[in-house]
Amino acid sequence: MKKHRVGRVTIPPQPDPAVQETAFAADASPELQVLEHEPLPDDGDSSQRAPLSSSATAAAAAAAAAAQPNNYNYTYGSFPTSDERGRPPGPAKSTTRALAPDLLRGLLMVLMALDHNAMALRSWPHGTAVDGEQDSAVVHEWNRPVAYAIRTLTHLCAPGFTFLLGMGVVYFGRSRTNLGWSARRMAWHFLLRAVVLMLVSVVIGLAMTAGDVWFFNIVLFALAVDYLLAGLLWIAMSRTEQTLAFVLLKVLPDGKKDDPTEPLLQDRQGEEDIAPDRTIIRVADISWHVHNAVLFGLAVLTIWWNIWLSPTGGHCQVEHVEMLPESNWFRIWFYPIQGPHVLSGFPPLAWISFAILGLLYGRVILAKSWSGKAITAANAAAGAAFSLVFVLTRLLHFGNLSEGCLQMPEHIQHPGADQYLTSLPSFFYLTKYPPDVAFWSFTMAGNLFLLALLGTLPSNFASRAFKVLLVFGTSALFFYVVHLILLFSMAVGLVAWLGHSLSFKDPFVGGPVVGVDELWAFFLNWALVLAMLYPLCRWYGRFKRTREPDSIWRFF
C-alpha cells in the first residue's frame, strides 16, 4: 500500500480502521476537496499543482467559468469517494464543495435580509423584547408576535456566519497546504482579508450615517478580527500538533502488537529515530485529540468571559462594577459601545467562541472520510448536546445575562415564579449584546440541527431545488453589501408612501419612529430585494471564478 507523507514525516496506512486519522496525518486523497470562502478552480491532479497565481491559471479559470458558469460538484465529507479520486488530470473543472454548509450560509443570508428589512422599514423594535437583548437590560414589553418569531430565527445568523468562518479557515488552510503555501503566505492572506472586511465596514458606516459614524461595527469588523485570529490559531496549532506528536513519540512506550519499524524523521542525519507504524499513528492521534480538547476549552472560556466581564454579572438591579477600562479603544474588543462617531454592537472577542467552534468542527470533518450519514448523525447529536446546555441555563440559572430582568405583566403577576418558566417567550428570551451562554448554546444547536437537516438532502436534488440558496451562500460578502444598499434605498420610497408614526422610540436619536408595519409591505419588500439579488449574485459568482485565487475580488 502507498504510504502518505507530511513534510519530513512518513505516515503509513492505518492498520486499523478504528484508529482516528488526524490532521497530523497526510491527506487521504491527492485531490483534496475544499470548502472555503471562495471556490478554487480545479485544474486536475492537485499532487502536481503549484500555487495558482499565474495568468495561465486565470485564463484556465475563466474558460472553465464560461463553460460552466454555476456548476459545482457537491459532496459533504472530507474527501471524494474512490471513483472521484481516480479522475484523470485534464482541463479545469468545477470545484467540489460541501453542500450543507453552502446551503446553510445561503439560508442565513436570507434570514439576515429579513432582519435588516425590519431595520430599514422601521417596522418594529429590533429585538424580541422592546428595549431588550442587552446585558442586564430590564424589559417590560414583548415585541409583537411576528417580530418575536422573526428575530428569534435571525439570532442564528451572526453565530452561524462566525462558525462557518472558522470551519472555512480549516478547509482553506488544508487546501493551501496541499498547494504548497507557506505559513507566512497563509498568515498574510488572513491579514489581508481581515483588512478588506474592516475597510468595507468603515465605508458602509460612513455611507449609512452620512459620515457621522467613523467606526461602524454591525458585524463585519467582528468577522474580520475573528477570521484573522482563527487563521493564526490554526497555523499555530498545526505546528504544535506535530511538535507534541514528536515529543510523545520519544516518551510513549511501544505497543505489544506494533508493526515492523520504519524511519520517522527521514531527513535527520546522524540519528536513528526508529518507530513502529502503529506508534506513529497513536502519537498523532493523541496529539490530535489534545489539540481538539484545547480548542473546546478555548471555546468555552471565550463565551464564559462575557459573563465574567459583565458589569453586573448578568443580574438586573445590582450595583455596576466596571470590569473593563473606561477607554472605548479597549472596551470595543469585548463589549458593545455607542459613543460619538462610534457604533459597535459586535465586539470581536465576545464572538470569537463561535469561530473557535468552527475550527474544531472543521478539524473533525477533515480528520477522515466520513460518510454523509455519519456527519448528519454527529450534527444532530451535537445539536442535542447544545440544546441540553440551553435548557440547563434556564433551569439552573447559569450563563445568562438577563437574571431578574424580565418584568412583563406575567412576571409581575407571579413574583415568586422562575422568570424563564413563566411563559414561552420568557423561556426563549436571549441576550445578544454581548452573547451569553444561553444565546451561544441556543444558536449553535439551531445551526447544527440545520446542518443535519440539510445534510440529508440528496446533492443532485438540493443543488437544483435550492439553487437560490447556493448562489447566495457562495457570494456572501457581495450579498451583504448589496442587500444593505437595496433594502435601505427601497425603504425610503416605502416609508414615504406607507409610513406612519409607530408606538416605539428611535433607539439612537429618540423621539417617535415613522415606519412601515404592514406585513404585506414588509414581506413584499424583502421578496423583491431577494429577487433582485439573485441575478446579481449569480453574475458575481461567475465573475469571481475568473479571478486568481489571491485576487481581492475573491474576498467578496
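Hydrogens, waters and symmetry mates are skipped; everything else that's a heavy atom, side chains included, is used.
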Determine, step by step, whether Tyr335 and Met323 satisfy the side-chain contact (heavy atoms from CB on, under 4.5 Å) criterion, reporting the C-alpha distance in whole Å, the side-chain angles of both residues, the deciding distance to 0.1 Å, and the verdict. CA-CA 11 Å; Tyr335 209 75; Met323 304 297 291; over 6 Å; no
Taking it one step at a time, do Leu309 and Leu324 satisfy side-chain contact (heavy atoms from CB on, under 4.5 Å)? CA-CA 7 Å; Leu309 295 176; Leu324 294 171; 4.0 Å; yes
CG/Leu357 to CG/Leu448 distance, rounded to the nearest 0.5 angstrom? 8.5 Å
Non-neighbouring partners of Glu322 that pass side chain to side chain contact (heavy atoms under 4.5 Å, CB included), sequence neighbours left out: Pro311, Arg331
Would you say Leu103 and Leu457 make side-chain contact, with heavy atoms under 4.5 Å? yes
Quick one, Phe190 with Phe172, criterion ring-ring contact (aromatic ring centres under 6.0 Å, His included). Give me CA distance, side-chain angles, the key distance, then yes/no. CA-CA 10 Å; Phe190 295 139; Phe172 175 88; 5.6 Å; yes
Sidechain-backbone polar pair: Arg122 side chain, Gly515 backbone, donor-acceptor under 3.5 Å: no
Side-chain donor/acceptor of Ser287 to backbone N/O of Ala284, under 3.5 Å: no
Return the OG1 to CG distance between Thr376 and Leu453, rounded to the nearest 0.5 Å. 9.0 Å
Begin with the C-alpha distance, continue with both residues' side-chain angles, and end with the deciding distance and a verdict on side-chain contact (heavy atoms from CB on, under 4.5 Å) for Leu487 and Leu121. CA-CA 8 Å; Leu487 280 176; Leu121 295 176; over 6 Å; no
Under the side chain to side chain contact (heavy atoms under 4.5 Å, CB included) test against Ile150, which residue among Thr152, Thr154, Leu153 passes? Thr154
Determine whether a donor-acceptor pair (N or O, by modelled atom type, separation under 3.5 Å) exists between the side chain of Thr162 and the backbone of Phe354. no
Side chains of His397 and Asp418: is there a donor and an acceptor less than 3.5 Å apart? yes
Within 45° cone and under 6.0 Å: Arg193 NZ/CZ vs Tyr227 ring: yes
Hey, mind stepping through Lys505 and Val513 against side-chain contact (heavy atoms from CB on, under 4.5 Å) and telling me if it holds? CA-CA 6 Å; Lys505 294 182 179 181; Val513 168; 5.6 Å; no
Hey, are Thr128 and Asn143 close enough side-chain-wise for a donor-acceptor pair under 3.5 Å? no
Under the side chain to side chain donor-acceptor pair (under 3.5 Å) test, residues paired with Ser136 that sit two or more places apart: Thr312
Spacing of Ser402 atom OG and Phe439 atom CZ [to the nearest 0.5 Å]: 12.5 Å
In terms of side-chain heavy atoms, does Arg151 have a donor or acceptor partner in His126 at a distance below 3.5 Å? yes
Inter-residue atom distance Ile485.CD1 - Ile204.CD1, 0.5 Å rounding: 7.5 Å
Sidechain-backbone polar pair: Asp517 side chain, Trp124 backbone, donor-acceptor under 3.5 Å: no
Ring centres under 6.0 Å, that's the criterion: do Phe221 and Trp351 meet it? no
Mutual orientation of the aromatic rings belonging to His483 and Phe479 [parallel < 30°, tilted 30-60°, perpendicular > 60°]: parallel
Taking Phe449's backbone N and O only, do any of them form a donor-acceptor pair with Asn379's side chain (distance below 3.5 Å, no angle check)? no
Flag for Asn292-Arg363: side-chain donor and acceptor within less than 3.5 Å: yes
Counting N and O atoms only, with roles assigned by atom type, does the side chain of Thr393 sit under 3.5 Å from a partner on the main chain of Ala438, one being a donor and the other an acceptor? no
Taking the basic N atoms (NZ, or NE/NH1/NH2) and the acidic carboxylate oxygens, is any pair closer than 4.0 Å for Arg282 and Asp285? no
Any donor-acceptor pair under 3.5 Å from Tyr429 side chain to Glu133 backbone: yes
Do side-chain atoms of His411 reach the backbone of Met408 as a donor and acceptor pair under 3.5 angstrom? yes
Kindly say whether Asp436 contributes a backbone atom to a donor-acceptor pair with the side chain of Asn306 at under 3.5 angstrom? no
Straight-line distance of Ile356 CD1 to Leu298 CG, nearest 0.5 Å: 5.0 Å
What do the steps show when you test Ser423 against Ser426 for side-chain hydrogen bond (donor to acceptor under 3.5 Å, both in side chains), and what is the final call? CA-CA 5 Å; Ser423 63; Ser426 302; 2.7 Å; yes
Please determine which of Phe427, Trp440, Phe398 meets the ring pair (Phe, Tyr, Trp, His ring centres under 6.0 Å) test together with Phe390. Phe427
Is the backbone of Ala129 close enough, under 3.5 Å, to the side chain of Tyr148 for a donor and an acceptor to pair up by distance? no
